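Read the structure below first, then the notes.
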Number of protein chains: 2
Amino acid sequence: MPETPTVAARGPIIRPAPLRQAVYDALTELIINGSLTPGQHLVEAELAARLGVSRQPIREALQRLHTAGWVDLRPAQGAFVHSPTTEECAQLLSVRAVLETHSARGAAQHATPPDVARLWELQETGLTALAAGDARAIVEANAALHAHITHLSRNAVLAELIPQVDRRVRWYYMPIAKPRGKDAWSEHARIIEAIAEGDPDHAEELMRRHTSNTTDFYCRQIASVAGRGV
Amino acid sequence: MPETPTVAARGPIIRPAPLRQAVYDALTELIINGSLTPGQHLVEAELAARLGVSRQPIREALQRLHTAGWVDLRPAQGAFVHSPTTEECAQLLSVRAVLETHSARGAAQHATPPDVARLWELQETGLTALAAGDARAIVEANAALHAHITHLSRNAVLAELIPQVDRRVRWYYMPIAKPRGKDAWSEHARIIEAIAEGDPDHAEELMRRHTSNTTDFYCRQIASVAGRGV
DNA sequence: ATGCAGAATACTGTATGCAATCATCCTCGC
DNA sequence: GCGAGGATGATTGCATACAGTATTCTGCAT
């Protein structure tokens with residue numbers, strides 16, 4: 001559009017960077033914060049108008065959202081916000097457990113002292129968020145810590161795959177972040193210690209138990225609430 | 001890629017015109033068989049002319065190829081066929097090992113007699129290809145068998161993630177398929193037996209050793225050719 | 001009143017056109 | 001001779017336009 005992109009107070013994209021990326025970020029945000037509810041039909045023209053762009057970047061972003069598992073793309077019918085089921089959450093957590101366990105082993109093999117120092121920093125951030133009781137900050141810190149452990153594993157494929165799973169887990173994990181937090185972060189500390197000592201077997205085993213605990217906690221929480229699966 | 005077998009019951013497969021899917025398949029084929037070499041710049045207009053479609057489906061297919069790891073997409077510069085490194089191959093194989101191991105466990109827990117019968121059919125196909133010495137058929141049968149084991153794990157997330165890794169492994173695996181074949185398929189047989197007996201621990205352990213053997217074989221092969229291993 | 005058939009509508013899928021950007025190469029100055 | 005700057009060609013990114021198809025509403029017959 002010939003309009004000057006200077007005035008972009010709300011909603012519309014501000015960055016002169018690739019539009020599809022901005023659209024992708026905007027849509028994930030809208031899905032995470034609940035502006036777009038599971039099962040909702042996403043009309044391309046509507047989204048285009050809402051974000052102030054044409055349908056083309058919208059389509060490309062929807063493709064990426066599809067491969068990332070955020071939306072279901074049904075041919076000749078359009079995009080729908082993905083509706084997570086309890087089975088899928090459990091599967092997601094189980095796969096995440098396997099991948100994270102593997103990355104913990106790699107991290108213990110490759111981590112350097114500066115790397116470990118960075119981990120302790122992230123651990124501190126998490127504890128602060130936990131003390132403040134900010135669920136969103138807790139989840140974010142948790143993701144940052146796990147992401148860095150993945151990074152330390154020096155495995156590009158792992159680093160590419162885990163975020164795909166982890167971001168979705170993050171979404172489902174939000175409601176249980178606070179009650180689970182205390183135990184989780186003390187487990188984190190032990191994992192970091194094992195990585196610092198360069199003990200792959202120990203780090204792997206600790207991460208296995210950590211993710212297993214998280215999964216169990218989630219399943220129990222779901223069971224106690226019952227009927228949260230759409 | 002396998003469509004959901006739950007609905008694929010009757011009626012001729014009516015494909016309205018999923019051009020992007022056809023383009024995606026065509027391009028992957030071109031990459032696998034070497035018509036498009038690693039590092040090559042993929043010009044949209046050129047591909048469009050070559051496949052007889054417009055640039056739009058090409059663009060969408062390239063997006064998917066990017067997320068699948070087949071091409072690198074550099075902003076404002078275009079798509080380039082991904083150049084695999086030996087480190088990446090090793091990482092790919094290690095991640096695949098972890099995921100396949102997990103899926104073998106799931107398969108042993110959920111497989112029914114008909115499922116097992118199907119596995120034996122696929123095993124037979126593989127042995128036939130092995131006897132014929134057709135490298136391509138061997139790799140294909142191997143992929144089919146592993147894919148079915150993944151399917152039997154009844155884990156949608158796994159079924160979504162593994163092909164992303166496996167198809168790329170398939171590509172790198174081609175050169176070593178024949179020499180590795182004999183041992184691989186006898187190991188397959190034992191894994192199928194464990195699944196048939198519903199023994200998750202045994203199936204998991206066998207698959208772990210199987211993938212480990214494949215990884216080692218690959219690394220040794222690379223080392224003997226290039227002179228530098230991992 | 002209910003079920004079905006037909007048309008209208010809305011949306012997706014595809015094609016084409018235009019502007020911005022990047023790479024390359026030639027020319028000019030030192 | 002060598003490096004810097006600008007011009008030119010090519011290619012991507014975005015927008016718009018058109019065609020095909022699924023959905024929905026309406027009207028009619030049962």
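Worth saying up front: this structure is predicted, and the values here are computed from it rather than measured. So that the names make sense, note that chain A is the first sequence line, chain B the second, and so on, each numbered from 1.
- A side-chain N or O of A:His102 and one of B:Ser94 form a donor-acceptor pair less than 3.5 Å apart.
- The list of ring-ring contact (aromatic ring centres under 6.0 Å, His included) pairs with a residue in residues 38-77 of chain B, not counting sequence neighbours, reads B:His41-B:Phe80, B:Trp70-B:Trp171.
- When rounded to the nearest whole Å, the span between CD of B:Gln63 and C1' of D:dC14 equals 13 Å.
- Note: CG (B:Leu19) to C1' (D:dT21) measures 15 Å, nearest angstrom.
- With sequence neighbours excluded, the residues that form a side-chain contact (heavy atoms from CB on, under 4.5 Å) with A:Ser35 are A:Leu30, A:Asn33, A:Arg50.
- Atoms CD (A:Gln56) and P (C:dC18) sit 16 Å apart, rounded to a whole Å.
- With sequence neighbours excluded, the residues satisfying side-chain contact (heavy atoms from CB on, under 4.5 Å) with B:Arg180 are B:Tyr173, B:Asp183, B:Ala184, B:Glu187, B:His210, B:Asn213, B:Thr214, B:Phe217.
- Here D:dG13 presents its C1' atom at 14 Å from CD of B:Glu60, a figure rounded to the nearest Å.
- Between B:Phe80 atom CZ and D:dT11 atom P there is a gap of 11 Å when expressed in whole angstrom units.
- Residues that satisfy the side-chain contact (heavy atoms from CB on, under 4.5 Å) test with B:Ala143, not counting sequence neighbours, are B:Asp166, B:Arg170.
- When the ring-ring contact (aromatic ring centres under 6.0 Å, His included) test is applied to A:His82, no partner is found at least two apart in sequence or on another chain.
- Between the CG atom of A:Leu62 and the C1' atom of D:dC14 there is a distance of 16 Å, rounded to whole Å.
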Please tabulate, one pair per line, each protein N/O and nucleotide N/O from nucleotides 8-12 of chain C that are separated by under 3.5 Å, including the distance.
unit_1 : atom_1 : unit_2  : atom_2 : d
C:dT12 : OP1    : A:Leu42 : O      : 3.2
C:dT12 : OP1    : A:Glu44 : N      : 3.4
C:dT12 : OP2    : A:Glu44 : N      : 3.4

